[in-house]
J.: 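A single structure is presented below for examination.
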Amino acid sequence: LFFFLMIRRPPRSTQGVSSAASDVYKRQGINAEYMGIQMNEKYDVIVCGTGLRECILSGLLSVKGKKVLHIDRNPYYGGEGASVNITNLYKIFREGKEPLKEYGHNRDWNVDLIPKFVMANGNLVKILLYTKVSRYLEWKCVDGSYVYQFHKGGVFSSDKGVICKVPASDSEALKSDLMGLFEKRRCKNFFVFVENYDEKNPKTTEGYSATKQPAADLFKKFSLEPNTIDFVGHATALYFNDDYLSKPTIQLIDRIRLYTDSMGRYGDSPFLYPIYGLGGIPEGFSRLAAIHGGTYMLRTNADEILMENGKVAGIRSGTEKAFAPLVICDPSYVMNIPNRVKKVGQVIRAICLLQHPIPNTNNAHSCQIIIPQKQVNRKSDIYIAAVSAAHAVCPKEYVVAMVSTNVETSTPEAEIQVALQLLGPIKEMFVSVKDIWEPITDGKEDGLFISKGDDATSHYESSIDDVLEMYTRITNEKLDLTNLPTDEEEQAQISQQP
């Protein structure tokens, strides 16, 4: 199912530098690669890095009339979350080696470096609608979501792990192998309670206080089994560990409602994925900023953050300088500055090229598989995201499956073996282990606003929470995501474009 349809553009891997904003520059008669921009100018904001967070903030601030300079040390958009062609994938993971000839042309590949899906009713979609960046992108629903369960063997059977489809309809729920008949009834009653719960209406609370009682109490109230709790908490509420069980139930209720509200919004799946890969999302916001006067410089590093009297004054790139009272950047641009960021963990990601759909997913062209922590004796979940030629990310004979999780031991690759075994034969695998960094300071005092690093979660909600919180700190106002255009209004706007 497609939505927010637009005229199909060529894959980004065939476009030149500044591809997101290139259409804007071309209409203005400007060469995006050789704009001859003078660095020695004053700006309202300088943004370093073209990751999703930075590009959203750049776009939002440009719309507010701020004069924005946006730079990136790379020749492409997206930073660590870029979508790259097969040649660049090799440059990143197999330096000095050429891709196999059987992989074909670069134009057929747009491989995400960081796997994510988009919640259909999440805040990222709301920001896309709010900014009208939705019209620059083309989407498809993800075919299905699955959850892994470990089944202990008995006298006549051995231990085994199986994946079950997360039900997308009442009929699928009745046929699901996730739980038995009586447990299905208890689970149904649980979801009805969650859907109807209103703290202000005593008839819906049944004496339960979601703001005061922990989530574990709600599961006890409905006598749900451990495997059902795993399914609800990790495959529906999308928590990556069990810390939520001791937190107020209202947080669990809100996350379940986000999932259920996302289901059926644009198709049977609650997840969306953009044609040509995730890198198109930051590119779309870059286009928004360019339309509103934002200046972009790729292949430009911030060698130094300039400070005066303890406050940001701008940046230095080589011998050139640009000046602004605010600098926004990802953690990689401040690694040489003491007491700015702290390491909060590591994430392992494995990009796997397959020549077949993932087994036991009904030959899905795209899917998500969640392996809850308890099912494999871990502290955090393991995620599998699979996309294919249906999304213009690889040739039709391939599937790109991406495995990610938080690192918990000194042997990260061993931690994801249970996920790799679910994939079947792997043609080639590209593995990275990255540190996750978070800012120590909030930027209010000195004007240096640093985003968080990308975590292992399977969706963008935590990333967008960071964006919204940063936006409030920078502007001293909250971004109003109410009164958004309806689907029909958005489609009408798109159809009127020249």
Side-chain angles (χ1 to χ4, degrees), residues 52-53 56 116-130 142 145 147 166-168 173 186-222 224 228-266 268-272 368 370 372-373 380-381 383 452 455-472 478-484:
L52 179 64
R53 295 170 175 84
I56 293 176
K116 300 280 185 183
F117 287 132
V118 178
M119 297 292 292
N121 200 42
N123 280 331
L124 177 53
V125 167
K126 292 177 181 178
I127 293 177
L128 287 165
L129 288 168
Y130 172 82
V142 175
S145 185
V147 63
V166 178
R186 289 189 289 268
C187 192
K188 178 183 177 181
N189 292 335
F190 170 88
F191 279 111
V192 169
F193 177 86
V194 167
E195 181 66 25
N196 295 330
Y197 185 87
D198 180 356
E199 190 86 8
K200 298 178 182 179
N201 184 353
K203 293 181 179 179
T204 67
T205 65
E206 300 178 14
Y208 189 92
S209 176
T211 55
K212 297 178 180 178
Q213 294 181 250
D217 285 358
L218 187 61
F219 290 127
K220 290 178 182 177
K221 174 180 172 64
F222 288 91
L224 296 185
T228 305
I229 295 173
D230 258 4
F231 153 65
V232 172
H234 295 265
T236 304
L238 300 176
Y239 285 106
F240 67 90
N241 61 34
D242 279 350
D243 291 350
Y244 76 95
L245 290 170
S246 59
K247 296 180 180 179
T249 308
I250 193 64
Q251 297 179 17
L252 171 68
I253 289 175
D254 287 343
R255 291 178 72 121
I256 292 174
R257 285 176 174 173
L258 170 60
Y259 188 94
T260 55
D261 289 346
S262 295
M263 289 179 64
R265 183 166 175 79
Y266 301 110
D268 289 338
S269 171
F271 299 107
L272 306 168
Q368 172 182 250
I370 296 174
Q373 55 169 66
S380 56
D381 294 356
Y383 301 98
K452 295 179 180 179
D455 56 28
T457 54
S458 63
H459 53 81
Y460 278 117
E461 291 308 298
S462 60
S463 302
I464 302 307
D465 287 344
D466 187 28
V467 169
L468 294 174
E469 200 270 334
M470 289 182 70
Y471 181 85
T472 300
K478 290 187 177 182
L479 186 64
D480 184 7
L481 295 178
T482 59
N483 299 319
L484 300 174

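Sequential numbering from 1 along the given sequence is applied to the chain's residues. Bear in mind that the values here come from a model prediction, so they are computed numbers and not experimental data.
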J.: Who pairs with Ser463 by side chain to side chain contact (heavy atoms under 4.5 Å, CB included), at least two apart in sequence or on another chain?
T.: Arg53, Asp454, Tyr460
J.: Are the side chains of Thr205 and Tyr197 in touch, meaning some heavy atoms are under 4.5 Å apart?
T.: yes
J.: Pairing donors with acceptors under 3.5 angstrom, does anything connect the side chains of Thr482 and Lys126?
T.: no
J.: Can you find a pair of side-chain heavy atoms, one from Phe117 and one from Leu272, that are under 4.5 Å apart?
T.: no
J.: Who are the side-chain hydrogen bond (donor to acceptor under 3.5 Å, both in side chains) partners of Ser262, not counting sequence neighbours?
T.: none
J.: Please identify each residue that fulfils side chain to side chain contact (heavy atoms under 4.5 Å, CB included) with Thr204, with sequence neighbours left out.
T.: Asp198, Asn201
J.: Within the side chain of Ser269, is there an N or O that forms a donor-acceptor pair under 3.5 Å with the backbone of Val142?
T.: yes
J.: Shortest non-hydrogen contact from Ala235 to Val166?
T.: CB-CG2, 3.9 Å
J.: Looking at residues at least two apart in the chain, or sitting in another chain, which of them share a side chain to side chain contact (heavy atoms under 4.5 Å, CB included) with Gln213?
T.: Tyr208, Ser209, Asp217, Thr249
J.: Could you tell me which residues satisfy salt bridge (charged side-chain N to carboxylate O under 4.0 Å, His left out) with Glu469, sequence neighbours excluded, listed by chain and number?
T.: Arg473
J.: Could you measure the distance from the CD1 atom of Ile253 to the OG1 atom of Thr211? Nearest 0.5 Å is fine.
T.: 9.5 Å
J.: Could you give the distance from CE (Met470) to NZ (Lys452), rounded to the nearest 0.5 Å?
T.: 10.0 Å
J.: Partners of Phe240 by ring-ring contact (aromatic ring centres under 6.0 Å, His included), sequence neighbours excluded?
T.: none
J.: Run the side-chain hydrogen bond (donor to acceptor under 3.5 Å, both in side chains) test against Glu195 and tell me which residues pass, sequence neighbours left out.
T.: none
J.: State which residues pass side chain to side chain contact (heavy atoms under 4.5 Å, CB included) with Asp261; sequence neighbours excluded, sorted by chain then number.
T.: Asn121, Arg257
J.: About how many Å separate OG1 of Thr457 and OH of Tyr239, when rounded to the nearest 0.5 Å?
T.: 13.0 Å
J.: Can you give me the closest heavy-atom contact between Ala456 and Lys116, atom names plus distance?
T.: C-NZ, 4.3 Å
J.: So do Arg186 and Leu224 actually touch side chain to side chain, heavy atoms under 4.5 Å?
T.: yes
J.: Would you mind reporting whether Tyr259 and His459 have side-chain heavy atoms less than 4.5 Å apart?
T.: no
J.: Heavy-atom distance under 4.5 Å between the side chains of Glu461 and Leu258, does that happen here?
T.: yes
J.: Do any N or O atoms from the side chain of Lys478 and from the backbone of Thr472 form a donor-acceptor pair under 3.5 angstrom?
T.: no
J.: Report the C-alpha distance between Ile370 and Leu238 in whole Å, list the side-chain angles of each, state the deciding distance to 0.1 Å, and finish with yes or no for side-chain contact (heavy atoms from CB on, under 4.5 Å).
T.: CA-CA 9 Å; Ile370 296 174; Leu238 300 176; 3.6 Å; yes
J.: For a 4.5 angstrom cut-off between non-hydrogen side-chain atoms, does Ile56 reach Tyr471?
T.: no
J.: Check side-chain hydrogen bond (donor to acceptor under 3.5 Å, both in side chains) between Ser380 and all other residues, then give those that pass, not counting sequence neighbours.
T.: Arg378, Glu408
J.: By the salt bridge (charged side-chain N to carboxylate O under 4.0 Å, His left out) test, which pairs, at least two apart or in different chains, include something from residues 237-247?
T.: Asp242-Lys374
J.: Could you pull out the closest heavy-atom pair between Gly233 and Ala237, with the gap in Å?
T.: O-CB, 3.5 Å
J.: Once ring-ring contact (aromatic ring centres under 6.0 Å, His included) is applied, do any residues pair with Phe190, and if so which ones, sequence neighbours excluded?
T.: Phe219, Phe222
J.: Determine whether Tyr244 and Arg255 make a side-chain contact, defined as any pair of heavy atoms from C-beta on separated by less than 4.5 Å.
T.: no
J.: Quick check: do Thr236 and Val147 have side-chain heavy atoms less than 4.5 Å from each other?
T.: no
J.: Show the nearest heavy-atom pair for residues Ala210 and Glu199, with the distance to one decimal.
T.: N-OE1, 3.6 Å
J.: Please report the interatomic distance CD1(Ile464) to CD1(Ile127), rounded to the nearest 0.5 Å.
T.: 5.0 Å
J.: Ser462: which residues meet the side-chain hydrogen bond (donor to acceptor under 3.5 Å, both in side chains) condition with it, sequence neighbours left out?
T.: Asp455
